[in-house]
Amino acid sequence: MMNNLLRSKLKQLVDSKSFQAIIIGIIVFNGLVIIAETYFRGNDLLQLLDRVIVWIFVIELVLKVAGLGVKGYFSKGWNIFDFLIVAASLLFYATNFVSVIRLLRVLRLLRMIPAIPALRKIVDALMKSIPALTGILGLSFLIFSIYAIIGTTLYSEVLPAEFFGSFHESLFTLLQVVTFESWASQVARPIVNEMPWAWTYFVSFIIIGALVILNLVVAVILSYLGQEDDSNRDKQLERLYEENQEMKQDIKEMKQLMLEVHKLNKDN
C-alpha cells in the first residue's frame, strides 16, 4: 500500500507541468554551458556544472522509472530515447576520448525534443511520413541521376571537372543548383555562354527538382501533421460522446427511479 502511494505521488510529480518546465530549463541551461565551453575550454566551473547536469538527468530518469514503473516507462519511445542519451553520457563520461564526450554533450540537447510537445509533434509527424516519402525520394534520385548523366555527357568539357567531370560530381553540382547556391553565376551562366540552349536544362531541372519535388515533400509532411490534429480531435469527440452516453444513462436511471418512487407513493 505504501509503495503504491509513493509510486502514485512520483507519477504525479513527473507528469506535472512544473516538473517538466524545470527539466526544460535545465536542458536549456545545459545548452548554454556547452556553448560557453567552446569559448572557455577546460574551465573547471563549466565542467563541474556539466557533471551536475548529468546527475540531475539521472535523478529525473530514476524518478520517472519509479513513478511510471519499468514497463510503463519503456513503453514510450521518447523515454527510451532519453534513457539512451543519459546512459551514454554516464558510460562515456570517464573516457579519454574528448571528442566522444563533446559529441554526447551536444546530443543531450536533443532531449529538448521529447520535453517540448510542439517539437515532439513535428518529429513524430516526420517519422510517420517516412514510408510515404520513400516514393518521392526514389523519384528524386531518379530525376537527379538522369540530369547528372545528361550534364556529364554534355558539359564535362565546358566547366572544370569538379562540376560535371563525373556522375557523383554532377550530382553534387545539381544539389548546388537545386539549393540555389551560386548556381547562376558559377554553374549556369558559363555554360549558357558556350551553349545558349543550355538554359532549358537548368530551368527544367529547377522546376522539377526544386519546385515540384520539394513541394511534394512539404505537402506529405504537412498532411501527417494534419492527421495528428484530426486524430486528437476524433479522440476528444469520442470521449465527449462516451461521456454524453453515460450522462444519458444516468438521467434514464434517475427518471426510472423517480417513476418508481412516484408509483410507490401513489399506491400508498
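Computed from a predicted model, the values in this text were never measured in an experiment.
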Contact check, side chains of Val178 and Phe144, non-hydrogen atoms, under 4.5 Å
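A side-chain contact exists here, since the closest heavy-atom pair is under 4.5 Å.
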As an exercise, state the distance from [atom1] of [X] to [atom2] of [Y], rounded to the nearest 0.5 Å.
{"X": "Ile34", "Y": "Phe29", "atom1": "CD1", "atom2": "CZ", "result": "11.0 Å"}
{"X": "Ile143", "Y": "Leu139", "atom1": "CD1", "atom2": "CG", "result": "4.0 Å"}
{"X": "Ser170", "Y": "Ile150", "atom1": "OG", "atom2": "CD1", "result": "11.0 Å"}
{"X": "Leu49", "Y": "Leu32", "atom1": "CG", "atom2": "CG", "result": "11.0 Å"}
{"X": "Ile191", "Y": "Leu159", "atom1": "CD1", "atom2": "CG", "result": "4.0 Å"}
{"X": "Leu174", "Y": "Ile146", "atom1": "CG", "atom2": "CD1", "result": "11.5 Å"}

List the residues meeting side chain to side chain contact (heavy atoms under 4.5 Å, CB included) with Phe40, not counting sequence neighbours, and say none if there are none.
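Phe40: side chain to side chain contact (heavy atoms under 4.5 Å, CB included) contacts with Asn43, Leu46.
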Partners of Ser145 by side chain to side chain contact (heavy atoms under 4.5 Å, CB included), sequence neighbours excluded?
Phe141, Phe167
Pairing residues for [X] by the side-chain hydrogen bond (donor to acceptor under 3.5 Å, both in side chains) criterion, not counting sequence neighbours:
{"X": "Thr173", "answer": "none"}
{"X": "Glu194", "answer": "none"}
{"X": "Ser140", "answer": "none"}
{"X": "Ser166", "answer": "His168, Glu169"}

Can you name the residues that form a ring-ring contact (aromatic ring centres under 6.0 Å, His included) with [X], not counting sequence neighbours?
{"X": "Phe74", "result": "Phe83"}
{"X": "Tyr201", "result": "Tyr147, Tyr155"}
{"X": "Tyr73", "result": "none"}
{"X": "Phe81", "result": "Trp78"}

Give the table of side-chain donor-acceptor pairs shorter than 3.5 Å for residues 56-69, with sequence neighbours excluded, one pair per line with atom names and distance.
| unit_1 | atom_1 | unit_2 | atom_2 | d |
| --- | --- | --- | --- | --- |
| Glu60 | OE1 | Arg111 | NH1 | 3.2 |
| Glu60 | OE1 | Arg111 | NH2 | 2.8 |
| Glu60 | OE2 | Lys64 | NZ | 3.2 |
| Glu60 | OE2 | Arg111 | NH2 | 3.1 |

Non-hydrogen atoms of Ser185 and Pro190 that approach each other most closely
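Reported closest heavy-atom pair: O-CD, 3.5 Å.
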Checking Asn30 side chain against Ile26 main chain: does a donor-acceptor pair fall under 3.5 Å?
no
Qualifying salt bridge (charged side-chain N to carboxylate O under 4.0 Å, His left out) pairs, either residue in residues 137-165, two or more places apart:
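Of all non-adjacent pairs touching residues 137-165, none passes salt bridge (charged side-chain N to carboxylate O under 4.0 Å, His left out).
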Establish, from distance only, whether the side-chain atoms of Gln186 and Gln176 form a donor-acceptor pair under 3.5 Å.
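Gln186 vs Gln176: donor-acceptor pair found between side chains.
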Does the side-chain contact (heavy atoms from CB on, under 4.5 Å) test come out yes or no for Ile206 and Val177, once each step is laid out?
CA-CA 7 Å; Ile206 288 174; Val177 172; 3.9 Å; yes
Connected via hydrophobic side-chain network under 4.5 Å: Leu154 and Phe172
no
